[in-house]
Amino acid sequence: MALSNSEIADLFDQLAELLDIEGENPFRVRAYHNAARTIRSYPKSLAEMVAADEDLTELPGIGEAIAKKIETIVRTGRLPQLEQVLKRTPKSLLELLRIEGLGPKRVKTLFYLLKIKTLEDLERAARSGRIRELPGFGPKTEELILNHLQKHALQEKRFLRFEAESVAEAILAHLKGCPGLDRIEVAGSFRRWKETVGDLDILATVRDGGEVMARFLAYEGVEEVLSHGPTRSSVRLKNGLQVDLRVVPTESFGAALQYFTGSKAHNIALRTLAVKQGLKINEYGVFRAGERLAGATEEEVYASLGLPWIAPELREGRGEIEAALENRLPKLIELADLRGDLHCHTDATDGQDALEAMAEAAKALGYEYLAITDHSKRLTVARGLDEQRLRRQMEQIDALNEKLQGIRLLKAIEVDILEDGSLDLPERVLKDLDLTVCSVHYQFHLSAKKQTERILRAMDNPYFNILAHPTGRLINQRQAYEIDLERIMQGARERGCILEINAQPERLDLNGEHCLMAREIGVKLAISTDAHSALGLNLMRYGVAQARRGWLSKDQIVNTRPLRELLRLLKRA
DNA sequence: GCCGTTTTCGGCCCGACTGTTTTCAGTCG
């Protein structure tokens, strides 16, 4: 199996971090990190690009030297420069960098002066009081290190954005109504709709000082205050989530919101553009020779650089600034574009609510249609439907459609893809449905080749419409199964099949990176909630966000189409 | 090591907070 982009990127990140510890030119170090970031988020397989002899220097941040290194990695699986560095500087130093408060300079000091190579070495030295004697260190740093070593063992995890959402709401509710508070907004990766967040960045503007900062530090969920100043404080909550609050003057709100929304890569690209235009951007505004040009709104910050406003979901440093300069930013899909949901469950299998309740909830969301996709018989734990029970549900749906006003239920099924690539129900019943959603629910461990062929074979069935949660991953719980997604997308496009963007917050499958790939390949997609209750239909926004992160507009998403057009699309052959 | 409206050399984002310092380096986001 060829190396994945993310494995290649890891090698460059390792090389960069080790060279940083060695004191290498920081710009060279940054170049490797930049390349790693480009590689990790690139929608096409670099291994395949090398095999096809494509020019890698076309990629941003990849020049002659790094392109050559990538070729070597792809052909040999090794990066000789990294192996050279590892002879001098042990790989275990990278663990030390993960400790908060330890960066390359301090790790270098620890290694050269105390021969500290591992976390165990570090702990021993800290306990015996040798750290505080080092130049640039002191008793406080030593204590900090011991504290962080303990927490490090607990393993820091990233929170689902969905989990962080309720935390953010609670904190905002706590701060709202505070004297002097003007505006307040969550920025950071939360605002960019990343699937997980490492912390929450909250931004506030205040009139005449205000008491917001004090009120924030007094929030009942705070476990520990990590740092505090007049404009910026950090706390760790009892649930482990870190929250930062920044306070800026009202006239700087836009500049600060832009700045604290990031991403880091986006901001670097934006500031580089500003420097070229003789401007300086910071969180207080855009300046030319000390004169303030913009800052109150994000729109004017971008406009002062000759750019249209860029949606937060696009701000990942994937060429969005170049696209904005050339006026070719996509018109992103919006929640309101969706006319229906194509994946949900009822109490016939493992859902909580009855058909009618699901229909009413969909209608309340303004949908035109809702596909009922209960499980098929192989999924016995969910009491999956056999042909007879499915036929009965189809009759119920027909009867309900007679009665319902303003919403049409579609007869459908979430049918299991069996190990040999056949579907769990016979064609004679599938053909009577409006659509099928097809899923892999077992045999996750097959080789990439076998898993890919299993799915492609399933797509050969003329009644295969939508591939549900295509990679099977569960965030923080289960890895994606091995699969050649590029081949699957191409196969789906050729056969007129559709891939799902599953909006369940712990799935988000496809995710933003996959959506970029889908955009490039041109395969049709559906955004579906996979709701197991009427309330669950509300999670559509999470799927839409991933589509937006993948630069998608509504024309590639089938459930933005009116019913008649959708049904036509679903008829294959 | 990358890159080019400063174009093949000489730049490379910018500020807050902390701790160790007496004016600043390191880290972080």
Side-chain angles (χ1 to χ4, degrees), chain A residues 12 15-17 19-21 23-38 56-70 81 96-110 131-145 148 187-190 192 197-203 213 225-235 242-248 252 255-256 258-287 305-306 317 321-322 325:
Chain A
F12 282 109
L15 180 60
E17 289 186 324
L19 288 175
D20 206 3
I21 291 170
E24 175 62 84
N25 174 357
F27 298 109
R28 190 172 169 218
V29 169
R30 185 189 298 170
Y32 285 133
H33 278 306
N34 286 342
R37 197 168 44 230
T38 297
L56 299 177
T57 64
E58 294 289 309
L59 276 61
I62 311 267
E64 295 285 337
I66 292 182
K68 251 209 177 73
K69 289 182 173 68
I70 294 172
Q81 287 80 1
L96 303 185
L97 284 179
R98 304 281 98 85
I99 301 287
E100 273 185 67
L102 290 189
K105 300 288 189 303
R106 285 182 174 154
V107 168
K108 181 181 186 180
T109 304
L110 292 167
I131 304 268
R132 69 180 70 184
E133 309 297 337
L134 293 170
F137 290 75
K140 289 231 173 175
T141 309
E142 190 175 79
E143 195 188 328
L144 195 75
I145 287 172
H148 286 308
S189 52
F190 185 89
R192 301 200 311 280
V197 299
D199 61 11
L200 280 178
D201 290 294
I202 301 176
L203 177 67
M213 200 53 93
V225 175
L226 302 173
S227 74
H228 62 94
T231 70
R232 169 176 173 171
S233 296
S234 284
V235 302
Q242 184 177 323
V243 185
D244 296 354
L245 176 66
R246 342 257 179 153
V247 175
V248 297
S252 296
Q258 191 291 313
Y259 180 66
F260 293 122
T261 297
S263 67
K264 189 171 178 175
H266 176 83
N267 284 358
I268 290 174
L270 198 69
R271 283 161 190 238
T272 305
L273 178 67
V275 168
K276 279 180 199 156
Q277 300 180 358
L279 304 172
K280 188 177 82 161
I281 303 187
N282 58 28
E283 56 262 58
Y284 300 110
V286 183
F287 301 88
L305 297 168
I321 289 173
E322 292 83 344
L325 278 170

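Residue numbering restarts at 1 for every chain, and letters A, B, ... go by the order of the sequence lines.
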Pair up each side-chain donor or acceptor in residues 23-31 of chain A with any protein partner under 3.5 Å, not counting sequence neighbours, and list the distances.
residue	atom	partner	partner atom	Å
A:E24	OE1	A:R28	NH1	2.4
A:N25	OD1	A:F27	N	2.9

### Task
Please work out if A:P60 contacts a base, only the sugar-phosphate, or nothing of the nucleic acid, heavy-atom cut-off 4.0 Å.
sugar-phosphate

#### Entry: N/O donor-acceptor pair, side chain A:N25 with base B:dG1, under 3.5 angstrom
yes

### Inter-nucleotide P distance (B:dC13, B:dC2), Å rounded
16 Å

### Message
Holding to side-chain hydrogen bond (donor to acceptor under 3.5 Å, both in side chains), I want the full list of residues that pass it with A:T57, two or more places apart in sequence or in another chain.
### Response
A:D55

#### Entry: Nearest-Å distance for atom pair CG/C1', residues A:L279 and B:dC14
15 Å

### Gap between atom OH of A:Y259 and atom CG of A:N282 - 0.5 Å precision
8.5 Å

### Message
Using whole Å, what does the distance between atom C1' of nucleotide B:dC2 and atom CD of A:E322 come to?
### Response
13 Å

### Query
Rounded to whole angstrom units, what separation is found between the CD atom of A:E58 and the P atom of B:dC3?
10 Å

### Query
Closer than 4.0 Å, any side-chain N/O of A:K276 to the OP1 or OP2 of B:dC12?
no

### Protein-nucleotide distance (A:R132, atom CZ; B:dT20, atom P), rounded to Å
10 Å

## Note on the structure
Residue pairs meeting side-chain hydrogen bond (donor to acceptor under 3.5 Å, both in side chains), one or both in residues 260-275 of chain A, sequence neighbours left out, come to A:R191-A:T261, A:Q258-A:N267, A:H266-A:Y302, A:H266-A:E320

### Sugar-phosphate, base or nothing in reach of A:I281, heavy atoms under 4.0 Å
sugar-phosphate

### Query
Can you name the side-chain hydrogen bond (donor to acceptor under 3.5 Å, both in side chains) partners of A:E283, sequence neighbours left out?
none

### Query
Reckon A:K69 touches a base, only the sugar-phosphate, or nothing at all at heavy-atom distances under 4.0 Å?
sugar-phosphate

### Query
Taking the same atom, P, in B:dG15 and in B:dG10, what whole-Å distance lies between them?
26 Å

#### Entry: Residues that A:D244 engages under salt bridge (charged side-chain N to carboxylate O under 4.0 Å, His left out), provided they are two or more places apart
A:R246

### Shortest non-hydrogen contact between A:R106 and A:G136, atoms and distance
NH2-O, 3.7 Å

### OP1 or OP2 of B:dC17 under 4.0 Å from side-chain N/O of A:T231
yes

#### Entry: Distance, C1' atom - from B:dT27 to B:dT21, rounded to whole angstrom
16 Å

### Query
So, is A:R271 close to the B:dC13 phosphate, meaning a side-chain N or O under 4.0 Å from OP1 or OP2?
no

### Distance, P atom - from B:dC28 to B:dT20, rounded to whole angstrom
15 Å

### Task
Taking atom P in both B:dT6 and B:dG11, compute the distance separating them and give it to the nearest angstrom.
14 Å

#### Entry: Spacing between A:R30 atom CZ and B:dC2 atom C1', to the nearest angstrom
11 Å

### Interatomic distance, A:K140 NZ vs B:dT21 P [rounded to whole Å]
14 Å

### Message
Can you measure A:L325 atom CG to B:dG4 atom C1' for me and round it to whole angstrom units?
### Response
14 Å

#### Entry: Salt-bridge contact A:K69-A:E64 (side-chain N to carboxylate O under 4.0 Å)
no

### Message
Quick check: on DNA chain B, is the nucleotide nearest A:G61 upstream (toward 5') of the one nearest A:N267, or the reverse? Name the residue that is more 5'.
### Response
A:G61

### Query
On DNA chain B, nearest-nucleotide positions of A:F137 versus A:V29: which is more 5'?
A:V29

### Query
Counting only Watson-Crick or G-U wobble pairs whose two distances fall under 3.5 Å, which nucleotide matches B:dC28?
B:dG15

### Message
Across nucleotides 23-29 of chain B, 5' to 3', mark each nucleotide with B, S or - according to how protein heavy atoms within less than 4.0 Å reach it.
### Response
---SSSB

### Task
Please determine which of A:D20, A:I21, A:L102 meets the side-chain contact (heavy atoms from CB on, under 4.5 Å) test together with A:L97.
A:I21

### Message
What's A:L270 touching, base or sugar-phosphate or nothing? Going by heavy atoms closer than 4.0 Å.
### Response
nothing

#### Entry: Between B:dT8 and B:dC3 - P atom distance, rounded Å
16 Å

### Message
Distance check needed: B:dC14 C1' versus A:F27 CZ, whole Å only.
### Response
13 Å

#### Entry: A:T272 side-chain N/O to B:dC12 phosphate OP1/OP2 under 4.0 Å
no

